[in-house]
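Everything below concerns the one structure shown next.
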Number of protein chains: 2
Amino acid sequence: MFSKSTEYALRAVVYLAKNSSEEERIGIKTIARDLGFPESYLGKVLQHLVRKNIIFSSKGPTGGFYAIPETLNISLLDIIDANEGLSFFKRCGLGLVECDDEKPCPIHDEYHVFRDGLYKSLSEKKVKDVLEDLESGIAFISFNEGVI
Amino acid sequence: MFSKSTEYALRAVVYLAKNSSEEERIGIKTIARDLGFPESYLGKVLQHLVRKNIIFSSKGPTGGFYAIPETLNISLLDIIDANEGLSFFKRCGLGLVECDDEKPCPIHDEYHVFRDGLYKSLSEKKVKDVLEDLESGIAFISFNEGVI
DNA sequence: TCTATTTAAGACAAAAAGGTCTTTTATTCT
DNA sequence: AGAATAAAAGACCTTTTTGTCTTAAATAGA
């Protein structure tokens with residue numbers, strides 16, 4: 001449903017929120033290894049998140065990527081938005097240009113329930129909620145090395 | 001959400017169910033013009049639907065594509081399945097391989113509710129239901145020429 | 001200041017999806 | 001039988017997405 005870039009971004013932000021801080025930056029090599037993502041491509045995704053102020057970075061020795069306390073209050077929807085925009089949540093399920101509540105397509109109502117519900121969930125779900133779920137054992141993200 | 005091929009397929013099947021029969025076949029040129037789709041590509045999509053017995057075709061003069069009465073009982077999910085499979089309805093929202101009810105990802109529950117709801121809607125929605133909605137003015141599909 | 005290290009940036013390559021074109025095959029009609 | 005017509009099949013091209021590689025810029029520490 002979401003692009004690879006978005007999947008990488010979502011999981012990397014959670015990873016950084018859990019494992020990094022301004023004092024404990026993590027290099028792209030480590031992140032890519034831990035998450036099992038292609039290093040260079042993930043680098044681009046993270047650079048993009050930096051430009052959007054969702055995560056941060058610094059160069060040079062002891063440099064790397066990191067999250068700050070405010071990152072915990074970012075919603076999953078914000079991360080999706082930063083990567084591929086929110087057109088998914090606006091487009092008709094059948095791809096019709098002219099489709100709205102006035103002139104609904106044949107699956108308009110059902111699709112809206114799905115799409116809007118997901119939108120709400122993702123906008124309410126903050127990074128800190130995800131961390132809480134992971135720590136309390138309600139949710140899981142299985143990785144190569146079980147780092148998260 | 002769905003691929004272009006699937007969108008083309010969904011709309012073409014509805015079009016054929018409404019406008020064609022074994023005696024009234026419609027050529028690819030006409031279909032592509034009416035729906036505003038690229039002719040050759042739509043041809044491929046329709047050929048694929050023919051192989052899956054969702055629509056039918058015959059060659060030569062008076063040939064063309066057509067739906068049969070049974071086509072009315074095909075669900076939108078069947079059409080999606082014939083085109084891109086149902087992996088969308090099985091995959092984790094975060095793209096995790098290991099994600100199920102036992103080891104749910106952080107958005108597992110919310111995502112499941114909406115995805116399964118959509119699945120149910122699409123599997124219950126038959127081509128004939130779509131035609132009924134269109135004819136009674138409950139739903140709309142706007143096309144180039146307003147053919148449907 | 002110099003070197004090592006790490007992100008930033010952008011060119012480049014590969015794969016997948018979308019789209020086009022040509023040739024073949026089947027069918028109808030004369 | 002022969003000509004015309006339409007789908008079938010597959011080669012080919014284009015665009016987008018994903019992924020790689022090289023060079024530049026910044027920074028820490030000796």
Side-chain angles (χ1 to χ4, degrees), chain A residues 1-13 16 20 22-68 80 83-85 87-88 91 95, chain B residues 1-13 16 20 22-68 80 83-85 87-88 91 95:
Chain A
M1 177 164 65
F2 301 119
S3 67
K4 276 279 182 224
S5 302
T6 299
E7 288 182 6
Y8 293 166
L10 284 166
R11 290 160 67 180
V13 171
L16 287 172
S20 77
E22 189 163 3
E23 295 77 37
E24 271 189 292
R25 303 157 189 165
I26 308 183
I28 186 67
K29 280 191 190 63
T30 305
I31 305 173
R33 173 173 42 74
D34 286 350
L35 301 184
F37 296 160
E39 183 181 317
S40 295
Y41 191 55
L42 177 61
K44 288 203 161 316
V45 173
L46 294 190
Q47 285 167 27
H48 194 243
L49 291 172
V50 168
R51 279 196 293 275
K52 298 272 185 172
N53 287 315
I54 289 179
I55 57 173
F56 300 86
S57 69
S58 71
K59 295 180 181 178
T62 79
F65 295 93
Y66 60 96
I68 63 174
I80 292 166
N83 268 274
E84 57 180 56
S87 65
F88 170 82
R91 282 194 36 236
Chain B
M1 178 164 66
F2 301 120
S3 66
K4 276 280 181 223
S5 302
T6 298
E7 289 181 5
Y8 292 166
L10 285 166
R11 290 159 66 179
V13 170
L16 286 172
S20 77
E22 189 162 3
E23 294 77 38
E24 271 188 292
R25 302 156 189 167
I26 308 183
I28 186 68
K29 281 192 188 62
T30 305
I31 305 173
R33 173 173 42 74
D34 286 349
L35 301 184
F37 297 158
E39 184 181 316
S40 295
Y41 190 55
L42 177 61
K44 288 201 162 316
V45 173
L46 294 190
Q47 285 167 27
H48 195 242
L49 292 172
V50 168
R51 278 196 293 276
K52 297 271 185 172
N53 286 316
I54 287 178
I55 57 173
F56 300 86
S57 69
S58 72
K59 295 180 180 178
T62 79
F65 295 93
Y66 61 96
I68 62 175
I80 292 165
N83 269 274
E84 58 181 58
S87 65
F88 170 82
R91 281 194 36 235

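Per chain, numbering begins at 1; letters A, B, ... match sequence-line order.
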## Note on the structure
Here the pair of heavy atoms bringing B:Leu46 nearest to B:Ala12 is CD2-CB, 3.8 Å

### Message
Rounded to the nearest 0.5 Å, what separates atom CZ in B:Arg33 from atom CD1 in B:Ile28?
### Response
11.5 Å

Quiz: residues 48-66 of chain B side-chain donor-acceptor pairs under 3.5 angstrom, not counting sequence neighbours:
{"residue": "B:His48", "atom": "ND1", "partner": "B:Ala82", "partner atom": "O", "Å": "3.3"}
{"residue": "B:Ser58", "atom": "OG", "partner": "B:Arg25", "partner atom": "NE", "Å": "3.4"}
{"residue": "B:Ser58", "atom": "OG", "partner": "B:Arg25", "partner atom": "NH1", "Å": "2.8"}

### Query
So how far is it from A:Phe37 CZ to A:Arg11 CZ, rounded to the nearest 0.5 Å?
4.0 Å

## Note on the structure
Those residues at least two apart in sequence (or on a different chain) that pass side chain to side chain contact (heavy atoms under 4.5 Å, CB included) with B:Glu84 are B:Phe2, B:Ser3, B:Thr6, B:Ile80

### Interface limits on DNA chain C, where chain A has a heavy atom under 4.0 Å of a nucleotide atom
C:dA4 to C:dA11

### Task
Using a 4.5 Å cut-off on heavy atoms from C-beta on, say whether the side chain of B:Asp34 contacts that of B:Ile26.
no

### Query
What is the distance from atom OH of A:Tyr8 to atom CG of A:Asn83, rounded to the nearest 0.5 Å?
12.0 Å

Write down the protein N/O and nucleotide N/O pairs, taken from nucleotides 4-6 of chain D, whose separation is under 3.5 Å; answer none if there are no such pairs.
{"residue": "D:dA6", "atom": "O4'", "partner": "B:Gly60", "partner atom": "O", "Å": "3.0"}

### Task
Give one of base, sugar-phosphate or nothing for B:Ser57, where a contact means two heavy atoms less than 4.0 Å apart.
sugar-phosphate

#### Entry: DNA chain D contacts made by residues 41-51 of chain B, counting heavy atoms under 4.0 Å
B:Lys44, B:Gln47, B:Val50, B:Arg51

#### Entry: Minimal non-hydrogen separation, B:Ser20 against B:Ala67, with atom names
OG-N, 2.9 Å

### Atom-to-atom span, CG of A:Asn83 to P of D:dT17 - whole angstrom
12 Å

### Query
Which whole-number value in Å describes the distance from B:Lys4 NZ to D:dT17 C1'?
16 Å

### Query
Counting any heavy atom closer than 4.0 Å, what does A:Tyr8 reach on the DNA or RNA strands: base, sugar-phosphate only, or nothing?
sugar-phosphate

### Message
Going by the rule side chain to side chain donor-acceptor pair (under 3.5 Å), which residues pair with B:Glu7 if we only count those two or more places apart in sequence or in a different chain?
### Response
A:Arg91

